[in-house]
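Each remark here refers to the structure printed beneath this line.
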Amino acid sequence: MQAFPKLSEAWEFGINLGKHDETLQSKDEALMLKINNLSVVVNNGEATILSGFNLDVPAGEVHAIMGPNGAGKSTLSYVLTGRDGYDVTEGSVTYRDENLLDMEPEERAVAGLFLSFQYPLEIPGVPTLTFLRTALNAQLRARGQEELSAPDFMKRARSVAKELRIKPDMLKRPLNVGFSGGEKKRMEIFQMLLLEPAFIVMDETDSGLDIDALRVVADGVNALRSPERGMLIITHYQRLLDYIVPNKVHVLAGGKIAVSGDADFARTLEADGYDTYAA
Amino acid sequence: MNADVKIKDSIDRGTVDSVRALEADRYKYGFDSDIDQEFAPKGLNADIVRFISEKKNEPEWLLGLRLQAYERWLEMEEPTWANTDYPEIDFQDMYYYASPVKKEGPKSLDEVDPDILAVYNRLGISLKEQEVLAGVQGAPKVAVDAVFDSVSVVTTFKKELAKQGVIFCSFSEAVQDHPDLVRRYMGSVVPMSDNYYATLNNAVFSDGSFVYIPPGVRCPMELSTYFRMNAQGTGQFERTLIIADKDSYVSYLEGCTAPMRDENQLHAAIVEIVALEGAEVKYSTVQNWWPGDSEGKGGVYNFVTKRADCRGANSKVSWTQVETGSAVTWKYPSCILRGDNSQGEFYSIAITNGCQQADTGTKMIHLGENTRSRIISKGISAGRSNQTYRGLVSSHKKARGARNFTQCDSLLIGDQCGAHTVPYVESNTASTQFEHEATTSRLSDDRLFYCRQRGLSEEDAVALLVNGFCREVLQELPMEFAVEAQNLVAISLEGSVG
């Protein structure tokens, strides 16, 4: 697995992962995620969701994907993370110079890819902290790094929870079981901050969040912005992008990026709707 | 014990000497008598029964009981109602007393099935212990871990127990030293001809544990079969009797997480528990006998009768079991709630993988007033295995105010296994309140993916989800077993997905 800066250190010292990776020299290599001419089918080929999809996300940038219902936004997140049932018929996805599509879901996670789920799963009987410590240590182990001891983990978990205004009680409960929609989303961000992934995909993280929760979540995400980290924010509404200002905004329609723009473009979209771009 | 016992590097001379000093105790505990040299020929008849009784130097009444059981057994038929399928057992083709032609043990670990060794390694068992467990020739005949590492524990343990008047010894020893107690309670919970296998056990039982807790005594530590150093095993027809006198308490642990190599295919044990007024008994089992090869050949048949009698008012018995081994399991640890306000509990995790078959559950028989029982059963089926929960909850006319809560959850992994739930509920009084909840679910692909997205391998994800599924029962296990049991859950399910 390709090495990347030890993110836990970054967490310790605040938000900025200022160290420059010297291996990233040419512009092309600085691309973290490169999706080239991707076609994806589901239901054993009965439906084509993405077709001729292209997207480049360089390290340090936040890109937003917007689009109407059913445009394939969630499909994109699942293809990137390796979920079964999404078959790539054409094209390639390169992540940090590696063929992402060849990797198992857990290998992608170890390589730093994180998905904040649109519908986080409930894990009955497994306390939130147990789940996260198991996951974090599995990742550290796979990267050949030292596992975090229980006290160290607890310390870190508590401080992150405090920042996200998550009550300590909640961390003892089975993950997401009986949590409200908003609590589940907040828990996704909690996991994200603990795991400190290198590339983040957020799928409709804003849905179900009230305005205060949205601010807390956005603060958490912004704290992770750094020159070495890439983010893909999938959202329906422009609202979230007021708080997490993207470098680029893309509209997904007709299975591909129909149009791209800057942060202001999202506001135009909000006013005009997607109809213009729908195929 | 072998004079030149090879010892683990980590153990110093003093420890070995302490173990040697315990030799006398070992004899007293009756697990290493001169049985090895003596054996009965294959097959079963009245003379064999007499031979066993004579070898054990048993009193006349016990021989009488064995013979009577044998006569009854001849007239009985093997039960066929269980949801299991195995070739007919030839009872005349077995040894009932010390197998004479012990199959040559492997000469070294190199000859042991690598699958078994992999499991030992996963459980963190040292090489020397592995030799013992795998029955390698020349390996010490004691469970190294249990004895060598806990000599001081054993010694303190025995002193402490004696001080409190607790009796904890082999069943054979109890027959010699405490015949009145044995005679009074043996067979009072599981009658002689209760069922086919119990009757057979009565005729030919080998050995087991005997526990007596005097009135008002809270047994200061968990009684574990580990401490009896019986690597040679109590044989296939184990017999255990636990008596908790008035207002006493005891927690008893049976079994071992490491899979034991065993030449005996049929195990037909009886465990009887008597709880007198105000007494509480907690009985925990981890059963991980050899389940056979990938085709299910050669595994152990575990046909055991376990029953508790909550004889006195306000008594309580809890059964907690983690069943992962054996090719075929037929087992229903039960509670007769005779005393008013008595309580029975059954917490069970049963995991079947490969070709394993398990028909297991419990019986809660409410006889006294305001008796309460609780059943939490978690069944996990994987591979091509087949599992049935079979449970009876009944109330007698006099059992006014009896209450039961049953929760029975099955989890399927893959699409070639089976899970069945067969509850029997019989209420003979209007004031009983019986609740039954049952769920069957498949290990969710969505949850698996969610775990893998967080960095867990598929197998670790399965283990985590299954441990979560079993959590209510795992929490009931004594600390000593809990962590091992969690690892065992993971190991038992290896290779069940993907």
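Every chain is numbered from 1, with letters handed out A, B, ... down the list of sequences. Computed from a predicted structure; not experimentally measured.
In this structure, OG1 on Thr134(A) lies 6.5 Å from CG on Leu456(B), to the nearest 0.5 angstrom. To the nearest 0.5 Å, atoms CG (Leu121(A)) and SG (Cys451(B)) are separated by 8.0 Å. Between the CD atom in Glu122(A) and the OH atom in Tyr450(B) there is a gap of 10.5 Å [rounded to 0.5 Å]. A distance of 6.5 Å separates CD in Gln453(B) from CZ in Phe114(A), rounded to the nearest 0.5 Å. Separating the CG atom in Leu448(B) from the CD atom in Glu106(A) is a distance of 10.0 Å, to the nearest 0.5 Å. Put simply, CG on Asn137(A) and CG on Asp460(B) are 11.5 Å apart, with the number rounded to the nearest 0.5 Å.
Only the backbone of Phe469(B) has a heavy atom closer than 4.5 Å to any heavy atom of chain A. Heavy atoms closer than 4.5 Å to chain A are found in the side chain of Arg471(B), but not in its backbone. For a residue to count as touching a neighbouring chain, one of its non-hydrogen atoms must lie under 4.5 Å from one of that chain's; by this rule Cys470(B) does not touch chain A.
Of residues 69-85 of chain A, those residues with a non-hydrogen atom less than 4.5 Å from any non-hydrogen atom of chain B are, in numerical order, Tyr78(A), Thr81(A), Gly82(A), Arg83(A).
Highest contact tally toward chain B, considering only Thr130(A), Leu175(A), Val126(A), is held by Val126(A) [criterion: heavy-atom pairs under 4.5 Å]. Interface remark: of the candidates Ala138(A), Pro174(A), Ala135(A), Ala135(A) forms the most heavy-atom pairs closer than 4.5 Å to chain B.
At most 12 heavy atoms of other shown residues, nucleotides or ligands fall within 6.0 angstrom of atom OH in Tyr119(A). In Asn44(A), the CG atom is not crowded: 12 or fewer heavy atoms of neighbouring residues, nucleotides or ligands sit closer than 6.0 Å.
A side chain to side chain donor-acceptor pair (under 3.5 Å) check over residues 410-419 of chain B, counting only residues at least two apart or in different chains, returns nothing.
Closest non-hydrogen pair, Leu115(A) versus Arg454(B), comes out as O-NH1, 2.8 Å.
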